[in-house]
Amino acid sequence: MSECKLSVDYEQYESGVKIVDLLEELANKGESLQLESLIIGDWGGSYENDSSAIIEALVHLKDRFPQLRSLFIGDMSYEECEVSWINQSNLGPILSAYPELRSLTIKGSTGLSLDPAHHDKLEELTIICGGLGRDVLSSISEGSFKNLKKLELYLGVDDYGFNGSLEDVLPLIEPGKFPRLTYLGLKDSEIQDDIAVAVANAPIVDQLQTLDLSMGTLTDQGAEALILSEKIKKLDLLDLSYHYMSDDMVKRWEQSGLNVDISDQQDADDDDDYRYPSLTE
Amino acid sequence: MKSMIVIGNSGNRRTTGLQAARARLGLPPVVVLNYSDVLQGGASLGSIAHSLGQAADEPPLLRLDAPGEHFEVERELIALGAPDAATSESDERWHRYNKSLVQPVPARMAQGMQEFKGKLYHPSQWFRGYCRLLSQLDREARQLWPTPRWMNAPKDIAAMFDKRHTHEILSSAGLPVPRRLAPPEAIPDYDTLRDTMVHERTHRLFIKLANGSGACGVIAYQVNPVTGAESAVTTIAVDNFATRPPIFYNVKKLVNYKERHLIRQIINWLLGHGAHIEQWIPKASYWDRTFDIRQLVVAGKACHSIARASRTPITNLHLDSNRMSLTEIGLADDVQHTVRQCAEQTLAAFPSSTVAGIDVLLSSGSYRPYILDVNPFGDLLYHSHYEGYDPYEWEMRIASLPSTI
């Protein structure tokens, strides 16, 4: 697959390079006509400049990228910009402009909206962020993605933009919402237990191959609901990595015979205050 | 036989590692002059030289090693840095900044300090004491030998141990360094820092204790220009008390402070003891980690290197950081070559030094090198080999060749 990543690095940003110019440069090359995957990294001072200029340019240049199937907006490390500081914008116009798109990945939720949230062919939608707003959640649940196979949402925490509650998450798992969905990720959540309990016996699990509840604050409470569920037993993979389950619960999973990822157990009473001597070199 | 004197702390992993390396190479053991003995007057370069029975035309190799990880030595150095310590005016020659110390501790009081694990006692007074000691050792060596054979001259160590001075030396030499926010004296406190950040339109910085080592006293600091939110990632912690001054100390795990009153207190303390403030240049990444490189240079030639890959902005913290080879991390040959060249040029900016661990950052995207730090004692690298030798073996091998060190 032909893939290209565009970003404005430290030196380029200092010297005034604009991501939109890089995109136009790419669009003016013949190879843009064959490009299948485009990754937009740091667009230059992403902590102060939002992604709207790049979205406008992508919409404007849509005819130069007829083969584009995969798009990532905001692929940057914490060194470039803290995830919760990335300024996004309305990415809905991308969906309208690229009807052949199959995969959309978004990093950062500040200023993010998805309007209109409608795409007939999109198979994968991933939003990586520190906290997803309830307006984005409702756009997705009220929108239309009839071909979606993978939905992966980092729900995050209150401090970084998760202003919703379980009530805002539940519409996403209503029966019939995403008829072709096989991978559901509702992860990195501070209400991971509530989500686990709600999902454990939900009808949607019947159609899933993978349920991803990783990276959150899952404890024995949520795990208990999952381990007792008959529906969960039929999954190909249950991802619970990075969790706060007890050793006993970890053992129960190990003995369950299920394909479950229970790696990266967190220590609930982690002693943060361990001190170490200074001047070591 | 090639004799060698190490000024260090006997029995620690550095001295032990060096002795083991010499034994493997069939060299006689080094004679260790303990910092604590020098500081308490129990021994001196002269007394050691005398015991070696050296002829004046055959000077021993002299190595200064790290004074750290030894509370008694730390206490004595703070005492030696005290305003009332008995030193001569000429021993101030390498102490360029912080001429008037913040809350100085009298020598007697310093000598009575109790150990409190992790506590940052008095970094600026400690450094003044260390500069005085380096100056004294330099003078003594000149009296003993016409041309003392220092691996790293005391004057260079004083310069490398002050990040403000190092940055000036490297800038003047035309080497790539992250841009300094402002001259150190222009930023006395947090409020001035914030004003300068706005004025310079710089929102992300590293604030480093001028005389700190490794992760000690480093803050990765950023202010969100849109929301005004602050983030300070550091190992520094503070305990406040109702009836006595606060205590600043290191914690093993990085803390990300968001509260302005705490950030302000910690930054003000750091600036009081002297800090170097430079731009935070995004580091290149390897999977979900970003990395920088420790490149050792011995006698002008780059040798051992490791990449330190971390999920945190502070890569030299051992916790949460992977040590990898440059090949493992997938660095292209030409990039490795650039790193080596850059490190060699860096050591060349210190003409009286033959060993340093140079920390090199490669910027995210363009892989352009920037020098982050020069560590005079940066050769303690485990599991790292160059042409089959560990760092100490390599140094001793080079040193035993004619006219290299």
Side-chain angles (χ1 to χ4, degrees), chain A residues 5-17 19 22 39-50 75-89 107-108 110-111 128 130-131 157 159-161 215 242 264 266-267 270-281, chain B residues 14 66-71 74 116-121 123 126 179 201 203-204 211-217 222 224-227 229 231 235 237 249-253 255 258 279-285 288-290 311-313 316 318-319 357 363-366 368 375-378 380:
Chain A
K5 177 169 176 173
L6 295 181
S7 65
V8 171
D9 67 28
Y10 170 81
E11 290 92 358
Q12 290 171 316
Y13 187 57
E14 292 274 292
S15 61
V17 172
I19 187 100
L22 299 182
I39 299 168
I40 304 292
D42 187 358
W43 44 82
S46 305
Y47 43 83
E48 55 184 341
N49 305 317
D50 70 25
D75 180 21
M76 59 191 95
S77 74
Y78 63 83
E79 277 284 312
E80 291 162 306
C81 186
E82 194 102 347
V83 65
S84 59
W85 291 15
I86 300 173
N87 289 289
Q88 285 285 2
S89 57
K107 189 165 180 180
T110 303
I128 303 163
V157 297
D159 281 350
Y160 295 132
M215 299 172 72
Y242 187 101
D264 212 358
Q266 304 298 300
D267 192 351
D270 206 358
D271 182 9
D272 284 359
D273 213 25
Y274 186 71
R275 294 160 192 200
Y276 81 111
S278 59
L279 293 166
T280 54
E281 59 180 38
Chain B
R14 296 170 179 278
E69 297 173 61
H70 195 300
F71 177 66
E74 181 161 5
F116 177 81
K117 209 177 173 196
K119 182 177 173 182
L120 295 150
Y121 296 90
W126 175 92
R179 198 171 64 235
R201 287 186 36 79
H203 316 295
R204 311 177 84 224
N211 316 121
S213 283
C216 173
Q222 47 185 337
N224 188 322
V226 179
T227 64
S231 154
T235 58
Y249 55 94
N250 276 312
V251 288
K252 199 163 191 175
K253 201 170 171 180
V255 188
K258 305 278 167 98
Q279 292 220 310
W280 174 348
I281 300 176
K283 294 185 271 289
S285 47
D288 62 341
R289 292 166 183 261
T290 56
R311 289 199 187 89
T312 74
N316 36 11
H318 278 262
L319 199 77
S363 65
S364 167
S366 63
R368 202 177 292 190
N375 307 277
F377 313 129
L380 182 68

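Predicted, not measured: the structure shown is a model, and the values here were computed from it. Sequence lines set the chain letters: A, B, ... in the order given, protein chains first and strands last, and positions in each chain run from 1. Basis for what follows: all heavy atoms, side chains included, without hydrogens, waters or symmetry-related copies.
- Taking the side chain to side chain donor-acceptor pair (under 3.5 Å) definition, one finds that A:Thr110 meets it with nothing, sequence neighbours left out.
- For B:His70, there are no ring pair (Phe, Tyr, Trp, His ring centres under 6.0 Å) partners two or more places apart in sequence or in a different chain.
- Annotation: residues 5-13 of chain A contacts chain B through A:Asp9, A:Tyr10, A:Glu11, A:Tyr13 [non-hydrogen atoms, separation under 4.5 Å].
- Taking each heavy atom of B:Thr312 and A:Glu79 in turn, the nearest pair found is O-OE2, 4.5 Å.
- The greatest number of non-hydrogen atom pairs below 4.5 Å with chain A, out of B:Pro225, B:Gly365, B:Gly217, is found for B:Pro225.
- Shown here for A:Tyr78 and B:Trp280, the closest heavy-atom pair between the two residues is O-CZ2, 4.5 Å.
- Residues A:Tyr47 and B:Gln222 have side chains not in contact (no heavy-atom distance under 4.5 Å, counting atoms from C-beta outward).
- In terms of heavy-atom pairs under 4.5 Å with chain A, the best-connected choice from B:Arg179, B:Arg201, B:Lys283 is B:Lys283.
- Residues from residues 80-88 of chain A that place a non-hydrogen atom less than 4.5 Å from a non-hydrogen atom of chain B comprise A:Glu80, A:Cys81, A:Glu82, A:Trp85, A:Asn87, given in numerical order.
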